[in-house]
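Read through the structure below, which is laid out as structure tokens, and then see the notes.
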2 protein chains.
Amino acid sequence: MSNDTAATYDPSQYDRPSVTVDVVIFSLIDDRLKVLLVRRKQWPFAGMWAIPGGFVRMEESLEAAAARELAEETGVRDVYMEQLYTFGDPDRDPRTRVITVAYFALVPANAIDPPQAGSDAAETRWFPMRDLPELAFDHAQILSYALERLQYKLEYTVVGFELLPDLFTLPELQHAYELILGEALDKRNFRRKILASGILEETGEMRREGEGRPARLYRYKENAVVEVKARRLFP
Amino acid sequence: MSNDTAATYDPSQYDRPSVTVDVVIFSLIDDRLKVLLVRRKQWPFAGMWAIPGGFVRMEESLEAAAARELAEETGVRDVYMEQLYTFGDPDRDPRTRVITVAYFALVPANAIDPPQAGSDAAETRWFPMRDLPELAFDHAQILSYALERLQYKLEYTVVGFELLPDLFTLPELQHAYELILGEALDKRNFRRKILASGILEETGEMRREGEGRPARLYRYKENAVVEVKARRLFP
DNA sequence: TAAATAGTGTCTCTTAGACAATATTAT
DNA sequence: ATAATATTGTCTAAGAGACACTATTTA
């Protein structure tokens with residue numbers, strides 16, 4: 001806290017809840033928006049799937065805890081991550097009072113550790129957002145909110161490229177947007193809007209795979225990303 | 001949390017941080033945007049001002065804790081309140097690890113208890129946002145972020161009326177917006193935008209005070225507010 | 001040369017901003 | 001009548017959506 005109204009303080013006079021971070025990890029895999037889930041082995045919700053998370057250690061910040069969870073599950077660091085919301089209903093965990101600070105992360109598929117090696121041998125799996133299993137705790141609510149936020153952000157920022165490799169083509173980026181938003185977009189309007197944002201630049205190179213005409217490869221400008229980050233709603 | 005990655009659980013194996021809620025309480029008083037602060041009496045930051053807040057009790061939700069703090073400080077219930085962000089740097093409180101879930105509330109000045117009677121005798125005072133004292137903890141950062149969010153929301157929603165009494169005139173509403181945004185707005189464009197949102201309705205009555213032509217009194221439509229609430233970014 | 005994919009321009013409609021005159025009341 | 005405040009409409013510029021054809025490559 002900060003102050004106990006009358007500014008008295010005695011930690012032992014209050015029971016303390018547990019605090020965890022849960023990280024909703026999104027990626028585009030096999031042409032679908034997928035989320036990484038962990039299978040629970042014990043009560044409560046044994047056998048059900050859950051968003052990866054864990055306790056916040058006493059000496060680490062919330063962001064550090066979320067980044068640590070992400071790295072443990074995917075081996076990935078330095079990807080887009082933002083705080084989503086804090087969920088704290090008293091009965092959301094049947095064991096004890098647990099307040100969780102939820103984050104969501106966007107991870108390019110090519111950056112993920114091959115065998116999804118968690119530090120321990122917990123079973124993890126990527127699930128399509130449109131085909132989720134039954135979820136433990138209030139995690140269905142958290143996932144639903146994370147998707148809503150991701151879709152919302154796609155409409156007014158250009159975070160989509162955070163799910164792609166460093167170099168990508170505009171058709172690839174548009175495809176990513178269409179997968180997440182669940183609707184087709186007009187090529188010309190999409191290109192106009194994205195390029196007008198000024199955060200992409202051509203590499204001068206082409207991607208020549210597949211049958212048709214090769215596509216130009218783009219990257220995002222580091223400076224421009226700073227601009228976008230400054231305008232984020234959530235610090 | 002939810003799961004400890006490997007789904008083992010033993011609460012005693014982890015130290016637990018304290019969890020508090022801090023509530024940034026905004027109101028329009030004496031023609032200024034003001035925020036309610038509490039003077040600290042003890043170490044740390046004795047004598048400095050802080051955002052009102054307190055521990056989350058084991059049996060209450062975060063929202064309930066925030067609403068309780070708000071009621072204790074202002075006597076007000078059932079006003080606009082939303083979760084702002086969760087701040088958890090390990091050293092934000094020199095006493096122990098304290099994670100705070102920050103909320104912000106919009107309170108109509110006419111609804112506030114006259115003598116600002118907190119349940120205890122802590123000294124509280126309304127400070128203009130443009131003339132803040134030195135603040136305890138990371139509360140300057142929290143206030144700054146709360147103002148940013150309020151200004152942002154004013155631009156794409158019509159939350160401004162949450163700071164006004166049930167009945168209000170369009171010039172009063174515009175004045176509230178100008179105070180918060182810190183800039184003059186065009187009367188005609190403002191009225192067009194607000195009325196186009198469809199969330200206000202005329203009462204048929206007039207406010208006849210002061211010298212000039214009386215102004216029409218409006219209220220907000222309950223149904224319309226539900227619509228706006230459904231479109232909120234934060235659940 | 002056929003098939004596949006990448007890339008481009010215009011028109012329209014809506015929205016937001018700039019801008020000034022009239023209407024209604026109290027004094 | 002004068003002062004004070006409330007109310008109203010138009011023009012313009014910019015942004016968003018609808019829409020179809022040309023360009024470049026591989027097989």
Side-chain angles (χ1 to χ4, degrees), chain A residues 28 31 151-158 160-161 164-165 167-219 224 227-228 231, chain B residues 31 151-158 160-161 164-165 167-219 227-228 231:
Chain A
L28 292 177
D31 235 35
Q151 290 177 332
Y152 182 88
K153 297 209 84 159
L154 279 192
E155 285 177 9
Y156 76 97
T157 69
V158 195
F161 63 81
L164 299 178
L167 300 184
F168 51 88
T169 69
L170 288 185
E172 286 167 352
L173 184 61
Q174 179 177 349
H175 189 59
Y177 273 67
E178 290 174 333
L179 286 178
I180 297 167
L181 297 176
E183 60 182 353
L185 301 175
D186 182 86
K187 257 195 297 189
R188 291 157 290 189
N189 295 340
F190 179 81
R191 297 170 74 96
R192 167 157 44 99
K193 178 176 167 180
I194 295 292
L195 294 176
S197 78
I199 80 159
L200 299 188
E201 63 183 7
E202 296 188 26
T203 62
E205 294 175 73
M206 298 289 207
R207 165 153 300 160
R208 38 189 78 255
E209 292 172 15
E211 308 211 349
R213 172 176 173 176
R216 289 201 256 259
L217 280 168
Y218 289 81
R219 72 167 74 86
E227 290 299 315
V228 172
R231 291 180 52 223
Chain B
D31 236 34
Q151 289 177 333
Y152 181 89
K153 297 210 83 159
L154 278 191
E155 284 176 10
Y156 76 98
T157 68
V158 196
F161 64 80
L164 298 178
L167 301 185
F168 51 88
T169 69
L170 288 185
E172 286 167 352
L173 184 61
Q174 180 177 349
H175 189 59
Y177 273 66
E178 289 175 334
L179 287 178
I180 297 167
L181 297 176
E183 60 181 353
L185 302 174
D186 181 86
K187 263 193 296 190
R188 290 157 291 189
N189 295 339
F190 179 80
R191 297 170 73 98
R192 166 157 43 100
K193 179 176 168 181
I194 294 292
L195 294 176
S197 77
I199 81 158
L200 299 188
E201 64 183 5
E202 296 188 25
T203 62
E205 294 175 73
M206 298 288 206
R207 166 154 298 160
R208 37 189 77 256
E209 292 171 14
E211 307 209 351
R213 173 175 172 174
R216 290 202 255 259
L217 280 169
Y218 289 80
R219 72 168 73 86
E227 290 299 316
V228 171
R231 291 179 52 222

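In the text below, chain A, chain B and the rest are named by the order of the sequence lines, each starting its count at 1.
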Rounded to whole angstroms, how far apart are NZ on A:Lys193 and C1' on D:dA16? 9 Å
Phosphate OP1/OP2 of D:dT8 contacted by B:Arg191 side-chain N/O (<4.0 Å): yes
Is any side-chain heavy atom of A:Met206 less than 4.5 Å from a side-chain heavy atom of A:Arg216? yes
May I ask you to decide if the ring planes of A:Phe168 and A:Phe161 are parallel, tilted or perpendicular, using 30° and 60° as cut-offs? parallel
Please report, rounded to the nearest Å, how far the C1' atom of C:dA6 is from the CZ atom of A:Phe190. 14 Å
Within the distance-only criterion (no hydrogens, no angle test), does the side chain of A:Gln151 pair as donor or acceptor with the backbone N or O of A:Ile180 below 3.5 angstrom? yes
Classify the nucleic acid contact of B:Lys187 as base, sugar-phosphate or nothing, counting any heavy atom under 4.0 Å across all strands shown. base
What is the separation between atom CG on B:Leu181 and atom P on C:dG17, rounded to the nearest whole Å? 12 Å
Among residues 203-216 of chain A, which residues get a heavy atom nearer than 4.0 Å to DNA chain C? A:Glu211, A:Gly212, A:Arg213, A:Pro214, A:Ala215, A:Arg216
Member of A:Leu167, A:Leu170, A:Thr203 meeting the side-chain contact (heavy atoms from CB on, under 4.5 Å) criterion with A:Tyr218: A:Leu170
A:Tyr218 OH to C:dA6 C1': how many Å, rounded? 10 Å
Using five base pairs at each end to define the local axes, how bent is the helix from C:dT1-D:dA27 to C:dT27-D:dA1, to the nearest 10°? 10°
What is the separation between atom CG on B:Leu185 and atom P on C:dC19, rounded to the nearest whole Å? 15 Å
Could you tell me how far apart B:Asn189 (CG) and C:dA20 (P) are, to the nearest whole angstrom? 13 Å
If I take atom CG from residue A:Leu195 and atom CZ from residue A:Phe190, how far apart are they, to the nearest 0.5 angstrom? 9.0 Å
Could you say whether B:Glu172 or A:Arg192 is positioned toward the 5' end of DNA chain D, judged by the nucleotide with the nearest heavy atom to each? B:Glu172
So, B:Gln174 side chain and B:Arg191 main chain: donor-acceptor pair closer than 3.5 Å or not? no
B:Arg188 has an atom CZ; how far is it from atom C1' of C:dT15, in whole Å? 17 Å
Between C:dA6 atom P and A:Leu173 atom CG, what is the distance in whole Å? 13 Å
